[in-house]
Amino acid sequence: CYGGTAWEKQAKTLEKGTDIVVGTPGRLIDYYRKGILKLHRIEVFVLDEADRMFDMGFIRDIQFVFSRIPKKGKRQALLFSATLSQSVLMLAYRYMVDPVEVSIEPEKLVVEEIDQVLYHVASHEKLELLLGLIDIEKPHRALIFINTKRDGEELTWKLNQNGHQAVYISGDISQKKRQRIIEALKKGEIDFLVATDVASRGIHCDDVSHIFNWDIPIDPEDYVHRIGRTARAGATGKATPLDGKPVEHP
């Protein structure tokens, strides 16, 4: 259950009965308030990406859900989080009974099948470099990550002006439109998808050959997540950060 899609269709599915419900906080609460989702019958509550819930401002919704499901000791709760911030730990100890912390450290942050190449260029040279790499390497399907909405819209326009089929996607775009864009990418109707980190977590396409980081993210974990969009399902891929620096004048 998630927003931006057919409300009635999801509601009818819930009303028919289901064993497992997966959803976003806002849509789940909406169904609860309409009397469609019975939270008092929940036996297991799983909160995925708990740290991101804080970052994206969903903590009040999460607390609302916790307050409506059975009390501590009468249900099981599991929290999954890439980082264990103080906020996540406080949430765990508030709503869980003697929680056990399980940490998993991957042997390698990035799979070996991803070939990473870093280019140091001046900011005004980044577009020329990107276009050159596209002409030389001829990506089968590529994602280009940017840090700001303004840069994303501008870069998408420039790519299209240079003859490359590119589409921009961000958190401001409706869920339905995002789904259409992702489906077009999977079908090969789009060659290049320019995206912000907000949108990147909803992009799952097994056939991406190249990841271009137009901007290098501030958080190293975001970089790992970005390049993880390629070399999926045993395939190989290439990740190219374009480290643009302003020109320094004496």
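Quick note: residue numbers are just sequence positions, from 1.
Nearest heavy atom pair, residue Glu137 against residue Lys238, reads OE2-NZ, 2.8 Å. Summarising the geometry of Ala50 relative to Ser81, their closest heavy-atom pair is CB-CB, 4.1 Å, with the distance given to 0.1 Å. Residue Leu185 comes nearest to Arg141 through the heavy atom pair O-NE, 2.8 Å, listed as atom of the first residue, atom of the second, then distance. The two atoms that bring Asn147 and Asp197 nearest to each other are OD1-OD2, 4.4 Å, heavy atoms only. Minimum heavy-atom separation, Tyr168 to Ile181: O-CD1, 4.0 Å. Closest heavy-atom contact between Leu242 and Lys126: O-CE, 3.7 Å.
Side-chain atoms of Lys16 never come within 3.5 Å of backbone atoms of Thr13 as a donor-acceptor pair (strictly under, hydrogens ignored). Not one N or O on the side chain of Arg178 forms a donor-acceptor pair closer than 3.5 Å with the backbone of Ile169. Proximity of a side-chain donor or acceptor of Ser209 to a complementary backbone N or O of His140 within less than 3.5 Å is detected. Checking side-chain atoms of Arg75 against main-chain N and O of Pro70 turns up a donor-acceptor pair under 3.5 Å.
Of the inter-residue distances, the one linking Glu189 atom CD with Glu183 atom CD reads 9.5 Å to the nearest 0.5 angstrom. Atom-to-atom distance recorded for Ile146:CD1 and Ile144:CD1 is 10.0 Å, nearest 0.5 angstrom. To the nearest 0.5 angstrom, Leu37 atom CG is 12.0 Å from Arg27 atom CZ. The distance from the CG atom of Asp30 to the CD atom of Gln10 is 10.0 Å, given to the nearest 0.5 Å.
The shortest side-chain heavy-atom distance between Lys158 and Leu127 falls under the 4.5 Å cut-off. Between Phe212 and Leu133 the shortest side-chain heavy-atom distance falls below 4.5 Å. Within the 4.5 Å cutoff, the side chain of Phe145 has no heavy atoms near those of the Thr196 side chain. At a threshold of 4.5 Å between non-hydrogen side-chain atoms, the residues Leu28 and Tyr2 do not count as touching. Annotation: side chain of Val88 is in contact with side chain of Phe54 (closest heavy-atom distance under 4.5 Å). Looking only at side-chain heavy atoms (C-beta outward), Thr24 and Cys1 stay at 4.5 Å or farther from each other. Contact of the Tyr32 side chain with the Arg68 side chain is registered, since non-hydrogen atoms from C-beta on lie closer than 4.5 Å. The shortest side-chain heavy-atom distance between His40 and Ile69 does not fall under the 4.5 Å cut-off.
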How far apart are the C-alpha atoms of Lys12 and Glu8, what are their side-chain angles, what is the distance that settles it, and do they pass the salt bridge (charged side-chain N to carboxylate O under 4.0 Å, His left out) test?
CA-CA 6 Å; Lys12 288 179 180 179; Glu8 290 290 341; 5.4 Å; no
Please determine whether side chain to side chain contact (heavy atoms under 4.5 Å, CB included) holds for the pair Thr18 and Val21, giving the CA-CA distance in whole Å, both sets of side-chain angles, and the decisive distance to 0.1 Å.
CA-CA 7 Å; Thr18 181; Val21 178; 3.5 Å; yes
Go through the steps to decide whether Ile134 and His164 satisfy the test side chain to side chain contact (heavy atoms under 4.5 Å, CB included), and finish with yes or no.
CA-CA 9 Å; Ile134 290 173; His164 299 292; 3.4 Å; yes
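Cluster membership check: Phe45 shares its hydrophobic cluster with Phe64, using side-chain heavy-atom separations under 4.5 Å among Ile, Leu, Val, Met, Phe, Trp and Tyr. Under the 4.5 Å side-chain heavy-atom criterion for ILVMFWY residues, no single connected hydrophobic cluster contains both Val65 and Val22.
Relative orientation of the Tyr95 and Phe66 rings is parallel, given thresholds of 30° and 60° on the angle between their planes.
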